[in-house]
Amino acid sequence: MTPGLRIVDARIDYGGDTLLRDVSFAVDPGQIIALLGPSGSGKSSLLRCICGVQRLDAGRILWDHIDITEVPAHRRDIGLVFQDPLLFPHLDVGANIAFGLRRHGLSKPEIHGRVDELLAMIGLTGWSDRPVATLSGGEAQRVALARALAPRPRLLLLDEPFAALDRDLRERLVTDVRALLHDLGIPAIHVTHDEDEAARIADAILVVAESTVREQST
Amino acid sequence: MDADRASLTRARSRSAIILAIAPLAIVTFLVGIPLVTLVTVGASLDTGDPTRILTSASTWRILGYTIAQAILSTVLSITLAVPAAYALQRLRWPGRRTWLAILTVPFVLPTVVVGLAFRELLPFAGTTAAIIVAHVFFNVGLATRVIGGVWAQLDPRFIDVAQSLGSSPLRTFATVTWPFLRPAVFAAAALVFLFTFTSFGVVLIVGDPAWPTIEVEIYRLAVQTLDLSAAATLAIVQLVIVVGALAWSAALQRRTTHERIVTETPVRYRPRSMIDYATIAVTVLLVIAISLPLLTLIIGSIRVGDRFGWDFYAEVFAPSDLTTRATPAWEALATSARYAAIATMISVTLGMLGAIAVSMLQRSASWVDTAITTPLGVSAVSLGLGLLLFSIYGPVDLRGSWLLVPLGQALVAMPIVIRVVLPVLRSIDPRLRDVAATLGAGPVRAWLTVDGPLALRAGAVAAGLSAAVSLGEFGATAFLVRADTPTVPVQIVRLLGRPGEANLGQALALSVILVLVTALIIGLAERARPARGGGW
């Protein structure tokens, strides 16, 4: 078995029905996987299970051969970015990005330094004290990305993160994010229903269809 | 364009003010003026100085005791309501809706009935602890509704994001959920404080007679010692404290209110952690604890000596002892039904007008809202006292009028109508009216098409609540009702004041009937509740 993430024989139910079954795939270190599929097919539920906020109904999740199926979400070090930025409205930009740094035993100056570093990385240098309500959609989404990257997750889950943005911005962000993830060496699963976007961001494409996940046939 | 818009807004405000005239006038004449003139009128009645009551040590003891029991009741109610709100609004588990309904039942129950149930059930009746337990029973459902209604709107993905950033459940609650929930918790706490600070029936029946609250003292001063000026002074002291508490809570809510992070459709997850199961356990225990007093009532009403039977119910409808000073109990039922019907018509009409007006207003909305909700902050006993004084000294002599009792009950119910209808009207997207206007509908037709159907449904829910409140109303009614035509709650208290098993049994039977009628009305009205809005 290779290191990285492995999903083994996963099943997810919804209501009384089986949403996904016999799901098995791997994400290798540094690899970006696109998960393609129509809405309601269970892509988001799968991401929720991988990051630990939802339970698998059967199957296992391994990280570097260690079973993390029962590890609670806050101890998994798996980052999550949604279609909506979901920035905490009562915190400013800097505090949003610093939210995940609390557990890392950093001093205040270290946290500030890390926040500034991330702001520079997303091209928003000096925006730390801004209230999140003043950000545009694209800016907010970039802050959400910085927030997810701040604690240096071992895996990043992107649930249609660009779907709410206009086309130009989306294309630019797809390129930026791909470069950023490769630079940092963080593997990712990118959920989308846009085939072009999947092809442009990912190293490999998986398709959700007929209640399971398969490699894309060419 | 802008000038057009401005004139449109002005026209809207003008119509809103016209709609608000009737409810504002009722509050001004029947609550404002009587209360403001209470002290002076009272002073001219008696020889004493109305402020003498303020310098008496016993007044301060009563005040301290009233505040202390209200704070304890509030803290305990909120502490239990938060886990219950979580379990009922964030988790998916069998019977969720039913548990929520059962938790809400006590709020619409007549205070007198609740008091009686606890007197029968609690081994420590007649103590402060009994008052607090009864207050929690009464208010925990309302608090759960207010807090849970907001909690259901919190987008669960915020919690997911926080946890994916390494935040433990406890830290996530403290740093993400709590800032969002805090305004609702303060709002609920203010309401519970309001109701427990001015509670009357419960304190009268399960409390320690040596330790009255302000509300009971006002009643005692006005009805038993006929010291109207002292009663009025206390009523004003009470009002000042209530208004102060409400203002403080409103300020706390304003300071913490931020842009809502809401979701349109509430998402509920299967319980997965120990905390989840713990909140469910708390909720189930709460539901059991709330069902017990009701069961006690029912069992008490059918236990005759050492057997079971319908004797007390028979006595209610066909009294065997016609020589007693008593009105047959079924006559009280008829009286209650008549008063409640009139009160409901008045409170729903005025409350709807008020809610529509407030929903249309922009800048002056909050003071109109505050003004017509004032009766909620005035205790029922003070409302009764004010109305009584108005009918003695006011321009219209209402004494002995069939309108007096329903007016008092309507004043108690009107703020509740507003709290039910207003959130529904406010949840309507104003762009829908704009769309209607661009399709050629005038303002009235646009309102009737867009707001009308929802307003009608919210009005039906409000009518049910209003009828239930009027049926069970005791504080104001006790003041205003004529001795020969008691309402059911008044009759229950009278029966309790008489010795013997038969009288207690009849009181219990009458209570059960009142609960059944109340539950039936609420059950019917709730079917009309719109899915959105999140009012009471």
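Within every chain, numbering begins at 1; the chains are lettered A, B, ... in the order of the sequence lines, protein sequences first and strands thereafter.
- No more than 12 heavy-atom neighbours from other residues, nucleotides or ligands sit within 6.0 angstrom of CZ on A:Arg21.
- Between the side chain of A:His90 and the main chain of B:Thr175, a donor-acceptor pair closer than 3.5 Å is present.
- Atom CZ of B:Arg92 is surrounded by more than 12 heavy atoms from other residues, nucleotides or ligands within 6.0 Å.
- For the atom pair CZ (B:Arg272) and CD (A:Gln54), the distance works out to 8.0 Å, reported to the nearest 0.5 Å.
- Residue with the most contacts toward chain A among B:Ser273, B:Ala162, B:Ser164: B:Ser164 (heavy-atom pairs, distance under 4.5 Å).
- In this structure, chain B has a heavy atom under 4.5 Å from the backbone of A:Ile78, while its side chain stays farther away.
- Surrounding CZ of A:Arg154 are more than 12 heavy atoms belonging to other residues, nucleotides or ligands, all under 6.0 Å away.
- By the 4.5 Å heavy-atom criterion applied to side chains, A:Val53 and B:Arg157 are not counted as neighbours.
- Put simply, CG on A:Leu86 and CG on B:Asp160 are 9.0 Å apart, with the number rounded to the nearest 0.5 Å.
- Under the ring-ring contact (aromatic ring centres under 6.0 Å, His included) criterion, B:Trp151 pairs with B:Tyr86, sequence neighbours left out.
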Worked verdict on A:Asp57 versus B:Arg270 for salt bridge (Lys or Arg N to Asp or Glu O under 4.0 Å): CA-CA 12 Å; A:Asp57 290 285; B:Arg270 269 176 300 176; 3.1 Å; yes
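- Separating the CZ atom in A:Phe88 from the CZ atom in B:Phe180 is a distance of 13.0 Å, to the nearest 0.5 Å.
- A heavy-atom distance below 4.5 Å is found between the side chains of A:Phe99 and B:Arg171.
- For A:Arg147, the parts sitting under 4.5 Å from any heavy atom of chain B are the backbone and the side chain alike.
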Between side-chain atoms of residues 279-287 of chain B and protein atoms elsewhere (two or more places apart, or another chain), which donor-acceptor pairs fall under 3.5 Å?
| residue | atom | partner | partner atom | Å |
| --- | --- | --- | --- | --- |
| B:Thr279 | OG1 | B:Asp276 | O | 2.7 |
| B:Thr283 | OG1 | B:Thr279 | O | 2.7 |

Working for side chain to side chain contact (heavy atoms under 4.5 Å, CB included), residues A:His74 and B:Thr172: CA-CA 10 Å; A:His74 63 282; B:Thr172 306; over 6 Å; no
